[in-house]
> 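This structure is in C-alpha coordinates; I'll ask about it shortly.
Every chain is numbered from 1 and lettered A, B, ... according to where its sequence line falls, protein lines coming before strand lines.
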Number of protein chains: 2
Amino acid sequence: MTTTVLLVDDHPVVRSGLRAVLDAAETLQVVGEAATGEEALALAAHLRPDVVLCDLRLGNGIDGIQTTAALRALDPAPAVLILTTFDRDAEILGAIEAGAAGYLLKEVDPDVIIDGIQRAAAGDTVLAPDLASRVLKGMRSPLPRLTDREIDVLRLLATGSANKEIARALFVTEATVKSHLVHVFTKLGVDSRSRAIHVAQETGLI
Amino acid sequence: MTTTVLLVDDHPVVRSGLRAVLDAAETLQVVGEAATGEEALALAAHLRPDVVLCDLRLGNGIDGIQTTAALRALDPAPAVLILTTFDRDAEILGAIEAGAAGYLLKEVDPDVIIDGIQRAAAGDTVLAPDLASRVLKGMRSPLPRLTDREIDVLRLLATGSANKEIARALFVTEATVKSHLVHVFTKLGVDSRSRAIHVAQETGLI
DNA sequence: ACAAAGATCAACCAAAAGATTGATACGGCC
DNA sequence: GGCCGTATCAATCTTTTGGTTGATCTTTGT
(Lines give C-alpha, C1' and ligand atoms only; values in the text may rest on other atoms or scores of the structure.)
Protein backbone atom coordinates (compact mmCIF):
# COMPACT_ATOMS: atom_id res chain seq x y z
CA MET A 1 0.00 0.00 0.00
CA THR A 2 1.54 3.24 -1.09
CA THR A 3 1.91 6.03 1.45
CA THR A 4 1.41 9.50 0.02
CA VAL A 5 3.64 12.32 1.24
CA LEU A 6 3.55 16.10 1.02
CA LEU A 7 6.91 17.88 1.37
CA VAL A 8 7.08 21.23 3.19
CA ASP A 9 10.40 23.04 3.20
CA ASP A 10 11.39 26.53 2.03
CA HIS A 11 14.62 25.27 0.39
CA PRO A 12 14.11 23.90 -3.16
CA VAL A 13 17.26 21.72 -2.94
CA VAL A 14 16.00 20.09 0.24
CA ARG A 15 12.68 19.31 -1.44
CA SER A 16 14.60 17.92 -4.46
CA GLY A 17 16.68 15.76 -2.18
CA LEU A 18 13.69 14.49 -0.28
CA ARG A 19 11.85 13.77 -3.53
CA ALA A 20 14.81 11.85 -4.93
CA VAL A 21 15.13 9.83 -1.74
CA LEU A 22 11.44 9.10 -1.29
CA ASP A 23 10.78 8.30 -4.96
CA ALA A 24 13.43 5.61 -4.64
CA ALA A 25 11.31 3.96 -1.93
CA GLU A 26 8.61 1.93 -3.67
CA THR A 27 6.08 2.25 -0.87
CA LEU A 28 6.19 6.04 -0.78
CA GLN A 29 4.85 8.56 -3.24
CA VAL A 30 5.50 12.29 -3.13
CA VAL A 31 2.24 13.94 -4.18
CA GLY A 32 3.22 17.58 -3.72
CA GLU A 33 5.62 20.21 -2.44
CA ALA A 34 5.12 23.43 -0.50
CA ALA A 35 7.56 26.17 0.44
CA THR A 36 5.30 27.84 3.03
CA GLY A 37 2.88 26.79 5.73
CA GLU A 38 0.02 28.42 3.88
CA GLU A 39 0.79 26.50 0.69
CA ALA A 40 1.05 23.31 2.74
CA LEU A 41 -2.44 23.76 4.15
CA ALA A 42 -3.98 24.46 0.78
CA LEU A 43 -2.25 21.49 -0.84
CA ALA A 44 -3.00 19.12 2.04
CA ALA A 45 -6.71 19.91 1.93
CA HIS A 46 -6.68 19.17 -1.79
CA LEU A 47 -4.26 16.24 -2.10
CA ARG A 48 -5.09 14.52 1.22
CA PRO A 49 -1.61 13.04 1.84
CA ASP A 50 -1.12 10.35 4.49
CA VAL A 51 1.95 12.11 5.85
CA VAL A 52 3.31 15.67 5.74
CA LEU A 53 7.07 16.01 6.10
CA CYS A 54 7.51 19.50 7.45
CA ASP A 55 10.39 21.85 8.40
CA LEU A 56 10.00 24.22 11.37
CA ARG A 57 11.41 27.36 9.80
CA LEU A 58 9.36 28.26 6.74
CA GLY A 59 10.40 31.77 5.78
CA ASN A 60 7.69 34.38 6.24
CA GLY A 61 4.19 33.46 7.29
CA ILE A 62 3.21 30.73 9.74
CA ASP A 63 5.96 28.51 11.09
CA GLY A 64 6.18 24.75 11.18
CA ILE A 65 4.51 24.43 14.56
CA GLN A 66 1.54 26.54 13.53
CA THR A 67 1.41 24.60 10.26
CA THR A 68 1.40 21.33 12.18
CA ALA A 69 -1.48 22.42 14.41
CA ALA A 70 -3.49 23.55 11.40
CA LEU A 71 -2.77 20.33 9.48
CA ARG A 72 -3.89 18.26 12.44
CA ALA A 73 -7.18 20.14 12.42
CA LEU A 74 -7.94 19.03 8.84
CA ASP A 75 -10.38 16.20 8.13
CA PRO A 76 -8.87 13.77 7.32
CA ALA A 77 -5.82 14.85 9.31
CA PRO A 78 -2.47 13.75 7.92
CA ALA A 79 0.29 12.57 10.21
CA VAL A 80 2.94 15.28 10.50
CA LEU A 81 6.60 14.38 10.75
CA ILE A 82 8.93 17.29 11.52
CA LEU A 83 12.30 17.30 9.74
CA THR A 84 14.45 20.21 10.78
CA THR A 85 17.88 21.43 11.87
CA PHE A 86 16.56 22.99 15.07
CA ASP A 87 16.79 20.90 18.23
CA ARG A 88 15.91 23.31 21.02
CA ASP A 89 13.56 22.03 23.72
CA ALA A 90 10.81 24.57 23.12
CA GLU A 91 10.69 23.66 19.45
CA ILE A 92 10.61 19.92 20.01
CA LEU A 93 7.97 20.15 22.72
CA GLY A 94 6.05 22.76 20.73
CA ALA A 95 5.90 20.48 17.71
CA ILE A 96 4.78 17.48 19.77
CA GLU A 97 2.18 19.57 21.54
CA ALA A 98 0.95 20.84 18.18
CA GLY A 99 0.25 17.25 17.23
CA ALA A 100 3.35 16.16 15.32
CA ALA A 101 3.74 12.40 15.11
CA GLY A 102 7.48 12.72 15.16
CA TYR A 103 10.57 14.86 15.01
CA LEU A 104 13.73 14.09 13.07
CA LEU A 105 16.84 16.14 12.56
CA LYS A 106 18.14 16.72 9.05
CA GLU A 107 21.47 15.11 9.91
CA VAL A 108 19.87 11.65 9.81
CA ASP A 109 20.40 9.19 6.97
CA PRO A 110 17.72 9.06 4.27
CA ASP A 111 16.58 5.55 5.24
CA VAL A 112 15.79 6.85 8.72
CA ILE A 113 13.48 9.39 7.09
CA ILE A 114 11.83 6.72 4.94
CA ASP A 115 11.32 4.48 7.96
CA GLY A 116 10.04 7.44 9.97
CA ILE A 117 7.45 8.32 7.35
CA GLN A 118 6.21 4.73 7.22
CA ARG A 119 5.93 4.55 10.98
CA ALA A 120 4.19 7.93 11.17
CA ALA A 121 1.69 6.73 8.58
CA ALA A 122 1.11 3.66 10.74
CA GLY A 123 0.28 5.83 13.70
CA ASP A 124 3.59 5.44 15.55
CA THR A 125 5.51 8.15 17.32
CA VAL A 126 8.84 8.82 15.63
CA LEU A 127 11.68 10.20 17.73
CA ALA A 128 15.37 9.57 17.91
CA PRO A 129 16.24 8.10 21.36
CA ASP A 130 17.94 11.25 22.61
CA LEU A 131 15.02 13.42 21.54
CA ALA A 132 12.57 10.99 23.16
CA SER A 133 14.33 11.36 26.49
CA ARG A 134 14.14 15.13 26.18
CA VAL A 135 10.42 14.99 25.48
CA LEU A 136 9.93 12.87 28.57
CA LYS A 137 12.05 15.28 30.59
CA GLY A 138 9.95 18.12 29.19
CA MET A 139 6.80 16.45 30.38
CA ARG A 140 8.26 15.94 33.85
CA SER A 141 9.72 19.44 34.29
CA PRO A 142 8.12 21.52 31.58
CA LEU A 143 9.62 24.69 30.22
CA PRO A 144 8.33 27.71 32.09
CA ARG A 145 5.22 29.28 30.63
CA LEU A 146 5.68 32.98 30.15
CA THR A 147 2.68 35.25 29.71
CA ASP A 148 2.31 37.20 26.48
CA ARG A 149 3.50 40.36 28.21
CA GLU A 150 6.54 38.59 29.66
CA ILE A 151 7.42 37.39 26.16
CA ASP A 152 7.04 40.96 24.89
CA VAL A 153 9.50 42.17 27.51
CA LEU A 154 11.89 39.29 26.90
CA ARG A 155 11.97 39.85 23.14
CA LEU A 156 12.85 43.50 23.64
CA LEU A 157 15.41 42.48 26.21
CA ALA A 158 17.02 40.21 23.63
CA THR A 159 17.51 43.14 21.26
CA GLY A 160 19.69 44.68 23.96
CA SER A 161 17.18 47.24 25.23
CA ALA A 162 17.52 48.87 28.63
CA ASN A 163 14.56 48.88 31.02
CA LYS A 164 13.75 52.49 30.18
CA GLU A 165 13.69 51.66 26.47
CA ILE A 166 11.45 48.64 27.00
CA ALA A 167 9.10 50.79 29.08
CA ARG A 168 8.92 53.35 26.31
CA ALA A 169 8.34 50.71 23.65
CA LEU A 170 5.48 49.08 25.56
CA PHE A 171 3.95 52.33 26.87
CA VAL A 172 4.34 51.35 30.50
CA THR A 173 6.54 52.52 33.37
CA GLU A 174 10.01 51.23 34.14
CA ALA A 175 8.58 49.83 37.36
CA THR A 176 6.22 47.66 35.36
CA VAL A 177 9.06 46.38 33.22
CA LYS A 178 11.06 45.55 36.33
CA SER A 179 8.08 43.72 37.76
CA HIS A 180 7.76 41.59 34.63
CA LEU A 181 11.51 40.92 34.68
CA VAL A 182 11.27 39.67 38.25
CA HIS A 183 8.73 37.09 37.10
CA VAL A 184 10.72 36.17 33.99
CA PHE A 185 13.92 35.73 36.01
CA THR A 186 12.12 33.58 38.55
CA LYS A 187 10.48 31.38 35.90
CA LEU A 188 13.76 30.90 34.01
CA GLY A 189 15.75 30.41 37.19
CA VAL A 190 18.21 33.20 36.40
CA ASP A 191 19.34 36.40 38.08
CA SER A 192 20.40 38.67 35.23
CA ARG A 193 19.09 39.87 31.91
CA SER A 194 22.09 38.37 30.09
CA ARG A 195 21.37 34.97 31.56
CA ALA A 196 17.67 35.33 30.75
CA ILE A 197 18.46 36.06 27.09
CA HIS A 198 20.84 33.11 26.91
CA VAL A 199 18.45 30.59 28.46
CA ALA A 200 15.53 31.80 26.36
CA GLN A 201 17.53 31.51 23.15
CA GLU A 202 18.99 28.11 24.04
CA THR A 203 15.62 26.62 24.84
CA GLY A 204 13.84 28.27 21.96
CA LEU A 205 11.49 30.41 24.09
CA ILE A 206 12.45 33.29 21.84
CA MET B 1 33.15 20.74 -21.45
CA THR B 2 31.95 19.12 -18.26
CA THR B 3 32.49 20.90 -14.95
CA THR B 4 33.22 18.58 -12.03
CA VAL B 5 31.70 19.37 -8.65
CA LEU B 6 32.29 18.19 -5.09
CA LEU B 7 29.36 18.58 -2.69
CA VAL B 8 30.04 19.50 0.96
CA ASP B 9 27.07 19.53 3.33
CA ASP B 10 26.42 17.69 6.60
CA HIS B 11 22.79 16.91 5.66
CA PRO B 12 22.42 13.81 3.47
CA VAL B 13 19.09 15.00 2.03
CA VAL B 14 20.66 18.27 0.93
CA ARG B 15 23.45 16.38 -0.83
CA SER B 16 20.82 14.12 -2.45
CA GLY B 17 18.90 17.14 -3.61
CA LEU B 18 21.96 18.84 -4.99
CA ARG B 19 23.04 15.65 -6.73
CA ALA B 20 19.61 15.22 -8.32
CA VAL B 21 19.61 18.84 -9.48
CA LEU B 22 23.18 18.90 -10.79
CA ASP B 23 23.00 15.49 -12.49
CA ALA B 24 20.09 16.87 -14.51
CA ALA B 25 22.41 19.56 -15.87
CA GLU B 26 24.42 18.03 -18.70
CA THR B 27 27.45 20.26 -18.28
CA LEU B 28 27.92 19.40 -14.62
CA GLN B 29 29.12 16.21 -13.01
CA VAL B 30 29.05 15.48 -9.28
CA VAL B 31 32.26 13.57 -8.55
CA GLY B 32 31.95 13.23 -4.79
CA GLU B 33 30.24 14.16 -1.54
CA ALA B 34 31.57 15.10 1.89
CA ALA B 35 29.78 15.68 5.18
CA THR B 36 32.71 17.42 6.91
CA GLY B 37 35.42 19.90 6.04
CA GLU B 38 38.09 17.29 6.66
CA GLU B 39 36.44 14.85 4.25
CA ALA B 40 36.11 17.64 1.72
CA LEU B 41 39.83 18.37 1.81
CA ALA B 42 40.81 14.73 1.43
CA LEU B 43 38.39 14.20 -1.46
CA ALA B 44 39.30 17.45 -3.21
CA ALA B 45 43.00 16.58 -3.19
CA HIS B 46 42.18 13.20 -4.70
CA LEU B 47 39.33 14.01 -7.13
CA ARG B 48 40.48 17.52 -8.18
CA PRO B 49 37.02 18.99 -8.81
CA ASP B 50 36.65 22.27 -10.70
CA VAL B 51 34.16 23.59 -8.13
CA VAL B 52 33.35 22.77 -4.50
CA LEU B 53 29.82 23.59 -3.38
CA CYS B 54 30.15 24.07 0.35
CA ASP B 55 27.90 24.80 3.34
CA LEU B 56 29.18 27.00 6.19
CA ARG B 57 28.00 24.92 9.13
CA LEU B 58 29.52 21.46 8.93
CA GLY B 59 28.87 19.83 12.29
CA ASN B 60 31.98 19.18 14.36
CA GLY B 61 35.45 19.90 13.03
CA ILE B 62 36.44 22.79 10.77
CA ASP B 63 33.69 25.04 9.47
CA GLY B 64 32.92 26.11 5.93
CA ILE B 65 35.14 29.19 6.06
CA GLN B 66 38.13 27.23 7.30
CA THR B 67 37.36 24.57 4.69
CA THR B 68 37.25 27.25 1.99
CA ALA B 69 40.64 28.66 2.99
CA ALA B 70 42.19 25.19 3.01
CA LEU B 71 40.65 24.28 -0.36
CA ARG B 72 42.00 27.47 -1.89
CA ALA B 73 45.45 26.49 -0.71
CA LEU B 74 45.37 23.25 -2.72
CA ASP B 75 47.19 22.93 -6.06
CA PRO B 76 45.21 22.98 -8.28
CA ALA B 77 42.78 25.07 -6.21
CA PRO B 78 39.10 24.50 -6.95
CA ALA B 79 36.68 27.39 -7.04
CA VAL B 80 34.56 27.39 -3.88
CA LEU B 81 30.91 28.37 -3.98
CA ILE B 82 29.21 28.72 -0.60
CA LEU B 83 25.62 27.49 -0.36
CA THR B 84 24.16 28.08 3.08
CA THR B 85 21.20 29.32 5.13
CA PHE B 86 23.34 31.80 7.09
CA ASP B 87 23.40 35.38 5.81
CA ARG B 88 25.11 37.30 8.57
CA ASP B 89 27.72 39.86 7.51
CA ALA B 90 30.64 38.24 9.30
CA GLU B 91 29.95 34.95 7.57
CA ILE B 92 29.59 36.42 4.11
CA LEU B 93 32.68 38.57 4.45
CA GLY B 94 34.56 35.74 6.13
CA ALA B 95 33.81 33.39 3.26
CA ILE B 96 34.83 35.95 0.63
CA GLU B 97 38.01 36.75 2.54
CA ALA B 98 38.76 33.04 2.79
CA GLY B 99 38.72 32.93 -1.01
CA ALA B 100 35.19 31.82 -1.88
CA ALA B 101 34.23 32.63 -5.46
CA GLY B 102 30.64 33.16 -4.43
CA TYR B 103 27.93 32.91 -1.83
CA LEU B 104 24.38 31.71 -2.40
CA LEU B 105 21.55 31.16 0.03
CA LYS B 106 19.73 27.84 0.06
CA GLU B 107 16.43 29.58 -0.65
CA VAL B 108 17.46 30.11 -4.29
CA ASP B 109 16.04 28.09 -7.18
CA PRO B 110 18.11 25.14 -8.43
CA ASP B 111 18.88 26.81 -11.77
CA VAL B 112 20.51 29.69 -9.90
CA ILE B 113 22.81 27.14 -8.27
CA ILE B 114 23.62 25.51 -11.62
CA ASP B 115 24.35 28.89 -13.17
CA GLY B 116 26.41 29.87 -10.15
CA ILE B 117 28.57 26.75 -10.38
CA GLN B 118 29.23 27.37 -14.08
CA ARG B 119 30.18 30.98 -13.46
CA ALA B 120 32.39 30.04 -10.52
CA ALA B 121 34.15 27.49 -12.73
CA ALA B 122 34.68 30.25 -15.30
CA GLY B 123 36.37 32.45 -12.71
CA ASP B 124 33.43 34.79 -12.08
CA THR B 125 32.28 36.07 -8.71
CA VAL B 126 28.85 34.77 -7.83
CA LEU B 127 26.69 36.85 -5.50
CA ALA B 128 23.04 37.71 -5.39
CA PRO B 129 22.65 41.51 -5.86
CA ASP B 130 21.68 42.16 -2.24
CA LEU B 131 24.64 40.15 -0.97
CA ALA B 132 26.95 41.95 -3.37
CA SER B 133 25.92 45.31 -1.96
CA ARG B 134 26.61 44.04 1.55
CA VAL B 135 30.06 42.85 0.55
CA LEU B 136 30.83 46.30 -0.89
CA LYS B 137 29.49 47.91 2.26
CA GLY B 138 31.69 45.56 4.28
CA MET B 139 34.73 46.66 2.32
CA ARG B 140 33.93 50.33 2.90
CA SER B 141 33.13 50.03 6.61
CA PRO B 142 34.42 46.66 7.66
CA LEU B 143 33.17 44.78 10.69
CA PRO B 144 35.19 45.62 13.75
CA ARG B 145 38.15 43.37 14.35
CA LEU B 146 38.15 42.07 17.89
CA THR B 147 41.30 40.66 19.45
CA ASP B 148 41.37 37.04 20.58
CA ARG B 149 40.98 38.11 24.17
CA GLU B 150 38.03 40.38 23.36
CA ILE B 151 36.36 37.45 21.62
CA ASP B 152 37.00 35.32 24.70
CA VAL B 153 35.29 37.91 26.88
CA LEU B 154 32.43 38.39 24.42
CA ARG B 155 31.73 34.66 24.18
CA LEU B 156 31.49 34.40 27.94
CA LEU B 157 29.34 37.50 27.99
CA ALA B 158 26.98 35.81 25.56
CA THR B 159 26.49 32.91 27.96
CA GLY B 160 25.09 35.44 30.41
CA SER B 161 28.13 35.67 32.68
CA ALA B 162 28.66 38.59 35.02
CA ASN B 163 31.98 40.45 34.98
CA LYS B 164 33.14 38.64 38.12
CA GLU B 165 32.36 35.29 36.51
CA ILE B 166 34.22 36.17 33.33
CA ALA B 167 37.20 37.29 35.40
CA ARG B 168 37.21 33.98 37.24
CA ALA B 169 36.91 31.98 34.06
CA LEU B 170 39.79 33.78 32.36
CA PHE B 171 42.00 34.02 35.47
CA VAL B 172 42.16 37.81 35.38
CA THR B 173 40.74 40.60 37.52
CA GLU B 174 37.35 42.19 37.06
CA ALA B 175 39.15 45.40 36.13
CA THR B 176 40.75 43.61 33.18
CA VAL B 177 37.38 42.31 32.03
CA LYS B 178 35.92 45.81 32.23
CA SER B 179 38.82 47.16 30.23
CA HIS B 180 38.22 44.61 27.48
CA LEU B 181 34.50 45.40 27.56
CA VAL B 182 35.23 49.08 27.05
CA HIS B 183 37.10 48.20 23.87
CA VAL B 184 34.46 45.75 22.70
CA PHE B 185 31.63 48.25 23.29
CA THR B 186 33.53 50.94 21.41
CA LYS B 187 34.31 48.66 18.46
CA LEU B 188 30.71 47.46 18.21
CA GLY B 189 29.29 50.93 18.75
CA VAL B 190 27.18 49.89 21.73
CA ASP B 191 26.85 50.94 25.36
CA SER B 192 25.60 47.81 27.14
CA ARG B 193 26.42 44.15 27.39
CA SER B 194 22.97 43.22 26.10
CA ARG B 195 23.46 45.33 22.99
CA ALA B 196 26.95 43.91 22.51
CA ILE B 197 25.60 40.35 22.57
CA HIS B 198 22.81 41.23 20.16
CA VAL B 199 25.07 42.95 17.62
CA ALA B 200 27.71 40.22 17.81
CA GLN B 201 25.10 37.51 17.21
CA GLU B 202 23.36 39.41 14.41
CA THR B 203 26.57 40.03 12.51
CA GLY B 204 28.01 36.61 13.15
CA LEU B 205 30.98 37.77 15.22
CA ILE B 206 30.02 35.06 17.71
C1' DA C 1 65.62 50.02 18.07
C1' DC C 2 61.42 52.13 18.47
C1' DA C 3 56.57 52.80 18.18
C1' DA C 4 52.15 50.92 18.39
C1' DA C 5 48.95 47.67 19.90
C1' DG C 6 47.36 44.45 23.21
C1' DA C 7 46.78 42.75 27.87
C1' DT C 8 46.82 43.69 32.29
C1' DC C 9 45.35 46.41 36.54
C1' DA C 10 43.48 50.23 39.62
C1' DA C 11 40.47 53.96 41.63
C1' DC C 12 36.47 56.73 41.49
C1' DC C 13 31.87 58.03 40.33
C1' DA C 14 27.31 57.89 38.12
C1' DA C 15 23.75 55.17 36.19
C1' DA C 16 21.36 51.04 35.62
C1' DA C 17 19.88 46.80 37.24
C1' DG C 18 17.99 43.71 40.57
C1' DA C 19 15.65 42.49 44.95
C1' DT C 20 12.27 43.44 48.26
C1' DT C 21 8.00 44.97 50.02
C1' DG C 22 3.62 46.55 49.06
C1' DA C 23 -0.32 48.02 46.43
C1' DT C 24 -4.72 48.35 43.07
C1' DA C 25 -7.62 46.93 39.19
C1' DC C 26 -9.36 43.70 35.94
C1' DG C 27 -10.62 39.35 33.87
C1' DG C 28 -11.38 34.53 34.14
C1' DC C 29 -12.77 30.48 36.52
C1' DC C 30 -15.18 27.69 39.93
C1' DG D 1 -19.44 35.99 44.73
C1' DG D 2 -14.89 34.91 45.72
C1' DC D 3 -10.38 33.50 44.50
C1' DC D 4 -6.54 33.42 41.50
C1' DG D 5 -3.61 35.11 37.98
C1' DT D 6 -2.12 38.91 35.30
C1' DA D 7 -0.86 43.63 34.53
C1' DT D 8 0.07 47.65 36.34
C1' DC D 9 2.71 50.87 39.55
C1' DA D 10 5.70 52.74 43.50
C1' DA D 11 9.46 53.33 46.93
C1' DT D 12 13.70 51.90 48.87
C1' DC D 13 18.01 49.74 49.08
C1' DT D 14 21.94 46.91 47.42
C1' DT D 15 24.66 45.28 43.75
C1' DT D 16 26.36 45.47 39.26
C1' DT D 17 27.57 47.81 35.31
C1' DG D 18 29.59 51.35 32.59
C1' DG D 19 32.54 55.43 31.86
C1' DT D 20 36.62 57.93 32.82
C1' DT D 21 41.33 58.61 33.81
C1' DG D 22 45.63 56.68 34.34
C1' DA D 23 49.22 53.24 34.56
C1' DT D 24 52.81 49.22 33.46
C1' DC D 25 54.48 45.37 30.87
C1' DT D 26 54.73 42.42 26.81
C1' DT D 27 54.38 41.47 22.06
C1' DT D 28 54.37 42.68 17.35
C1' DG D 29 55.55 45.15 13.31
C1' DT D 30 58.37 48.42 10.77
> What is the distance from CG of B:Asp148 to C1' of C:dA7, rounded to the nearest Å?
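Taking CG of B:Asp148 and C1' of C:dA7, I get 12 Å after rounding.
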> OP1 or OP2 of C:dA7 sitting under 4.0 Å from any side-chain N/O of B:Thr147?
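The answer is yes; a side-chain N or O of B:Thr147 sits under 4.0 Å from OP1 or OP2.
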> Rounding to a whole Å, what distance do you find between A:Arg145:CZ and D:dT6:C1'?
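Going from CZ in A:Arg145 over to C1' in D:dT6 covers 16 Å.
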> Nearest whole Å is fine: how far is D:dT8 C1' from A:Leu170 CG?
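Atom-to-atom, A:Leu170 to D:dT8, this comes out as 12 Å.
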> Would you say the side chains of A:Thr176 and A:Ser179 form a donor-acceptor pair under 3.5 Å?
no
> Mind calculating the distance between CZ (B:Arg168) and P (C:dT8) to the nearest angstrom?
17 Å
> Assess the side chains of B:Ser194 and B:Ser192: does a donor N or O sit below 3.5 Å from an acceptor N or O?
no
> Could you tell me whether B:Asp191 and B:Arg195 have a side-chain N and a carboxylate O separated by less than 4.0 Å?
no
> How many Å lie between CZ on B:Arg149 and C1' on C:dC9, as a whole number?
13 Å
> Starting at atom NE2 of A:His180, determine the distance to atom P of D:dG5, rounded to an integer number of angstrom.
17 Å
> Applying side chain to side chain contact (heavy atoms under 4.5 Å, CB included), run through B:Leu188 and B:Val184 and close with a yes or a no.
CA-CA 6 Å; B:Leu188 300 187; B:Val184 168; 4.0 Å; yes
> To the nearest 0.5 Å, what is the distance between NE2 (B:His11) and CG (B:Asp55)?
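Answer rounded to 0.5 Å: 7.5 Å.
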> In whole Å, what is the span from the CZ atom of B:Arg195 to the C1' atom of C:dA17?
17 Å
> Look at atom CG of B:Asp130 and say whether more than 12 heavy atoms of other residues, nucleotides or ligands are closer to it than 6.0 Å.
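Check passes, neighbour count above 12.
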> Produce a footprint string for nucleotides 10-30 of chain D: one letter per nucleotide, 5' end first; B if the base is under 4.0 Å from any protein heavy atom, S if only the sugar-phosphate is, - if neither.
B-----SBBBB----------
> Quickly work out the B:Leu146 CG to C:dA5 P distance and round it to whole Å.
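It works out to 16 Å between those atoms.
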